[in-house]
Amino acid sequence: MSTSIVVIGAGVIGLTTALLLQKKGYQVTIVAKYVPGDMNIEYTSPYSGAHWRTMIPNDQKELQENDAVAYNVFYKIGKSLPSDTTGVMIIPALDCWSERNDDTANPWWKDVVKDFRFVETKELFPDTVIGHSYTTVAVNTPHYMQWLVRLFTQAGGKLKKATLTHVQDALKHCPDAQSIVNCTGLQARFLGGVKDEKVYPTRGQVVVVNAPHIKKTLTSMVGDGTSYIIPRSNGHVILGGTRQAHDFEVDMKTAEEIMEKTVRLLPELAHGKGVKGLDIVRHNVGLRPSREGGPRIENEMTTTANGKPLLITHCYGHSGYGVQSSWGSAKKAVDLIDRGLFEKDHQVIDSIVGDLWSKL
Ligand SMILES: Cc1cc2nc3c(=O)[nH]c(=O)nc-3n(C[C@H](O)[C@H](O)[C@H](O)COP(=O)(O)OP(=O)(O)OC[C@H]3O[C@@H](n4cnc5c(N)ncnc54)[C@H](O)[C@@H]3O)c2cc1C
């Protein structure tokens, strides 16, 4: 019988990790308070843009690998399956910066993406000095996550809706699980047995408009301000954005600023009629699960209440890059789980051998 594992969380990180575990032959159960189809401020993934635009600087090699793996997987999905099935679209990207530095002048990822080139001066957005054009992917996260759930359940995975107060409560929903994977995003700050105070929310406010004629993504980074335009596979376009640490509120003044800036970047969004020409669907605020020191992807070897060794693998804290790093992060988590389960078996064998030895 295959080894059973319980994953807490049905965001983009939990679902991707669960799918990869399943592909390796594990029997997987997901337990989550919110699942695809739900919208709640405690559930970040449905609010995500989401395009692949790496934020990882040149000096962070380990995180670069996660984004590079994910770019390749998303590109393959976008190339081989229709976007109305997966929610993944391959589109052109244009990003411009007001600052020329090593990260913008010599980006580590220029050979990872397709069709990379530095743009000519005439293509730059106002107040910017350097820009990149490349082929990227846009992921309509609510649609994409429904697709992941379908793949998971059709292959025999179980998805249970439940709220846990302690990380080990996952075992009540899957008593035969050999290990727990913690993919609780921002809620890792509050979950008993984890309570990671390094995790904090970074607010992202966006305006969702209907503009099915927009099939490219643009980002302008001027000083600390970022404006972005990300189309989704259903004809909606996400206009952003804000990055405010430790903030939970919705604010209409911010929405007006976002609309003005993005219509200036791409007047065709509103058919050249200015902000009043936008077909607004709704205003959204999501909370990115940020973490001091970056995401936590690591094993914790602990014991259950009745003293049995227990492996918990943590995979949370992906801030504003959880989608674009999802496949790479999940791959790392799965490698850790394989290793952790092997070590756990050895601990059990060592203790049996130790017991026998002491009785000789
Ligand atoms: C406006 C905005 C734009 C963004 N744009 C991008 C982008 O362009 N590219 C990109 O890569 N990323 C982007 N992000 C970031 C991305 O959305 C996040 O990094 C990602 O969604 C985090 O996913 P997650 O699975 O870790 O967390 P979540 O989606 O929050 O999922 C957490 C899961 O854990 C469950 N859970 C938590 N606690 C408990 C508990 N106690 N009991 C049971 N279940 C529990 C939840 O119910 C949920 O199912 C953006 C975010 C925002 C807000």
Side-chain angles (χ1 to χ4, degrees), residues 11-13 15-16 36 39 44-56 66-96 109 112-116 119 125 131-148 204-221 226-243 258 261-263 265-266 268-269 278-279 281-282 284 286 288 318-329:
V12 73
I13 298 294
L15 291 171
T16 316
M39 291 293 273
T44 309
S45 297
Y47 296 102
S48 197
H51 56 178
W52 191 100
R53 178 178 62 75
T54 188
M55 298 169 189
I56 308 304
N66 298 343
D67 283 18
V69 168
Y71 180 91
N72 284 312
V73 176
F74 279 122
Y75 188 81
K76 269 187 202 147
I77 293 172
K79 268 277 168 210
S80 46
L81 293 165
S83 63
D84 54 2
T85 301
T86 62
V88 178
M89 287 193 302
I90 297 180
I91 51 168
L94 175 56
D95 307 337
C96 300
W109 48 274
V112 172
V113 298
K114 311 278 179 216
D115 312 315
F116 179 91
V119 302
F125 303 141
H132 309 139
S133 163
Y134 54 101
T135 296
T136 193
V137 289
V139 182
N140 179 357
T141 45
H143 189 103
Y144 170 68
M145 291 196 300
Q146 299 270 15
W147 178 61
L148 294 185
Q205 183 164 333
V206 300
V207 183
V208 184
V209 298
N210 189 42
H213 54 293
I214 303 299
K215 296 287 180 211
K216 59 185 171 186
T217 175
L218 307 182
T219 306
S220 165
M221 276 149 290
T226 301
S227 299
Y228 58 77
I229 295 163
I230 308 173
R232 278 185 164 179
S233 56
N234 62 351
H236 289 173
V237 179
I238 307 295
L239 310 181
T242 59
R243 293 188 64 81
I258 290 171
K261 284 184 185 165
T262 49
V263 168
L265 274 185
L266 188 63
E268 64 200 88
L269 259 175
L278 285 174
D279 180 3
V281 178
R282 65 180 167 270
N284 275 348
R288 300 175 180 95
H318 294 77
S319 193
Y321 47 86
V323 179
Q324 67 205 29
S325 66
S326 54
W327 289 96
S329 297

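What you see is a predicted model, and the numbers here were worked out from it, not measured in a lab. Along the sequence shown, residues are numbered consecutively beginning with 1.
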Can you confirm whether [X] sits close enough to [Y] that some side-chain heavy atom of one is under 4.5 Å from a side-chain heavy atom of the other?
X      : Y      : answer
Val209 : Leu239 : yes
Val113 : Thr135 : no
Tyr47  : Arg288 : no
His143 : Ser83  : no
Lys216 : Pro92  : yes
Leu15  : Pro36  : yes
Val323 : Phe74  : yes
Val206 : Ile258 : no

Heavy-atom closest contact ([X] atom, [Y] atom, distance):
X      : Y      : answer
Gly322 : Ile13  : O-CD1, 3.6 Å
Ser45  : Gly11  : OG-CA, 3.6 Å
Thr141 : Pro46  : OG1-O, 3.6 Å
Arg53  : Gln324 : O-NE2, 2.7 Å
Lys76  : Ser80  : O-OG, 2.5 Å
Ala70  : Ser326 : CB-N, 4.1 Å

Would you call the rings of Tyr134 and Trp52 parallel, tilted or perpendicular, where under 30° means parallel and over 60° means perpendicular?
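Geometry flag for Trp52 against Tyr134: perpendicular rings.
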Measure the spacing between [atom1] of [X] and [atom2] of [Y] and express it to the nearest 0.5 Å.
X      : Y      : atom1 : atom2 : answer
Leu266 : Ile229 : CG    : CD1   : 4.5 Å
His318 : Asn66  : NE2   : CG    : 6.5 Å
Thr219 : Leu265 : OG1   : CG    : 8.5 Å
Phe125 : Asp95  : CZ    : CG    : 7.5 Å
Ile77  : Thr85  : CD1   : OG1   : 11.5 Å
Arg282 : His236 : CZ    : NE2   : 6.5 Å

Would you find a donor on one side and an acceptor on the other, under 3.5 Å apart, between the side chain of Thr86 and the backbone of Val88?
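Present.
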Does the side chain to side chain donor-acceptor pair (under 3.5 Å) test come out yes or no for Thr217 and His51, once each step is laid out?
CA-CA 8 Å; Thr217 175; His51 56 178; 3.0 Å; yes
Counting only heavy atoms not in Lys79, do more than 12 sit closer than 6.0 Å to its NZ atom?
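Check fails, neighbour count at 12 or below.
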How about Trp109 and Tyr71: are their ring centroids closer than 6.0 Å?
no
How far apart are the C-alpha atoms of Tyr75 and Ile90, what are their side-chain angles, what is the distance that settles it, and do they pass the side-chain contact (heavy atoms from CB on, under 4.5 Å) test?
CA-CA 7 Å; Tyr75 188 81; Ile90 297 180; 3.7 Å; yes
